[in-house]
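As the structure is a computational prediction, the values presented were derived from the model and not from experiment. Every chain is numbered from 1, with letters handed out A, B, ... down the list of sequences.
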There are 2 protein chains.
Amino acid sequence: MGRWEPNARGRLVEAALELYSSRGYDQTTVAEIAKRAGLSERTFFRHFTDKREVLFGGASEFQEQLVRALDNAPVALPAIDVVAVALEAIAGGFSERHEFARRRQTIIAENAELSERERIKLASLASALADALRRRKVSEPAATLAAEMGIAVFRVAFERWIRETNQPDLPHILRGSFEELKTVTAGK
Amino acid sequence: MGRWEPNARGRLVEAALELYSSRGYDQTTVAEIAKRAGLSERTFFRHFTDKREVLFGGASEFQEQLVRALDNAPVALPAIDVVAVALEAIAGGFSERHEFARRRQTIIAENAELSERERIKLASLASALADALRRRKVSEPAATLAAEMGIAVFRVAFERWIRETNQPDLPHILRGSFEELKTVTAGK
DNA sequence: GTAACTGATGTCAGTTGCTGCCATCAGTAT
DNA sequence: ATACTGATGGCAGCAACTGACATCAGTTAC
């Protein structure tokens, strides 16, 4: 394998995914991942800030998409519905990646460190949402709460979507979960 | 300092708190903390699983208290109100520790790794709450959502409480934040 | 009262995640 | 050709963490 094979980053992700799921996250060293991808350990750390991040590369794009979707939502809607609309709009893109998402989620669920990283990504998502809401003149703490609610609902819906073998629509599950949210907080 | 000075754990916490806030989390080594507490680095890792955990020792007690409070809440209440009641009951105990909480929170807010750990503690809290709700025959996803909402509200309220110099009542802030939540999710 | 036991600690060596520094190599512009 | 740029390798080193074993103080058994 030559020094300049294309898509170094993608190869690292794939190698990590394979090793993490076969022998476990803890039992995999960065050196092994790099070797499998035909690169050096040093290069791994040029592409990813740490050993976990290799599984969370897509998070920032997702966040940007989400914020864009929120910015484009109808002006008249109440905060919580704006969040719902934005999430449902983005969720459509997940349908093709059901298998990948499942593989990745299995690895994350098995390891505490990875779960931590996942949580912080979702937290960052929530705070980006809250920012975007404030830009729409939603006041505090409504903005934070609406954003936080939205992410919680997303987690619940995503988990359900992952569990389902027959791949139902993520946007559809989302819509149902938002309905649930309203029922719950109404105190029923 | 003799080998068997009392309260090794407490000394480690105090030493860590001082060092983290004076020179920063990253710039503090575990060896330094241990030395300041009159102990060896190895002993630090016998008391805490990692360098962050020294700031989160109280989390498990808090969780137990919270679950107990929830188990003791009136039977007839809807899920979200059960969570609110339990949180408000526990929050009373915070009033004396306002200064400590503030010190700790400042350190945590300044460091990404520590924020991650904080998030995962809150997540664990949420899942313990959800378990307790299910024990009360609250079904899914209502249990998860109510728990998650409760923790989100708690975060918002706690943050506000930390910011206030004149030490208002945390339970009081909590109650107001729960009201906000209901308004927000109602779509106002 | 001494010996065995227990639990907290120290010491030391070793692994691994991660960083800084500098050399090297491929492609591109000059 | 030459210089420049960007991705990579190689190496040295720090700090987080672990395992194995010795040590010491307090307690219990005899």
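Cation-pi check for Lys51(A) over Phe44(A) is not met; the charged atom does not lie both under 6.0 angstrom from the ring centroid and within 45 degrees of its normal.
Using cut-offs of 30° and 60° for the angle between ring planes, the Phe154(B) and Phe94(B) rings count as perpendicular. Ring orientation note: the planes of Tyr20(B) and Tyr25(B) are nearly perpendicular, at an angle over 60° on the 30°/60° scale.
Distances shown here put every side-chain N or O of Ser40(A) at or beyond 4.0 Å from the OP1 or OP2 atom of dG10(D). Note on His47(A): every side-chain N or O is 4.0 Å or more away from OP1 and OP2 of dA7(D).
Thr29(A) comes within 4.0 angstrom of sugar-phosphate atoms only, judged by non-hydrogen atoms across all strands, and of no base. Nucleic acid contact class of Ala8(B) (heavy atoms, under 4.0 Å, all strands): sugar-phosphate only.
Arg46(B) contributes a side-chain N or O that forms a donor-acceptor pair with the base of dG10(C) under 3.5 Å. In terms of polar N and O atoms assigned as donor or acceptor, the side chain of Arg52(A) never comes within less than 3.5 Å of the base of dG17(C) in a complementary pairing.
A donor-acceptor contact under 3.5 angstrom links the side chains of Glu140(A) and Thr144(A), judged on distance only.
Between Ile33(B) and Thr28(B), the shortest heavy-atom contact is CG1-CG2, 3.7 Å.
What separates CZ of Phe44(A) from C1' of dT19(C) is a distance of 14 Å, to the nearest Å. One atom, CZ of Arg117(A), and another, C1' of dG17(C), lie 13 Å apart when rounded to the nearest Å. Rounded to a whole Å, the NZ atom of Lys51(B) is 12 Å from the C1' atom of dC14(D). For the pair Leu39(B) CG and dA8(C) P, the computed distance is 13 Å after rounding to whole Å. Per the geometry, CD belonging to Glu41(B) stands 13 Å off P belonging to dC12(C), to the nearest Å. The distance between atom CZ of Arg42(A) and atom P of dG20(C), rounded to the nearest whole Å, is 8 Å. The CD-P distance, from Glu53(A) to dT19(C), rounds to 12 Å in whole Å. Rounded to a whole Å, the CD atom of Glu32(A) is 16 Å from the C1' atom of dC18(C).
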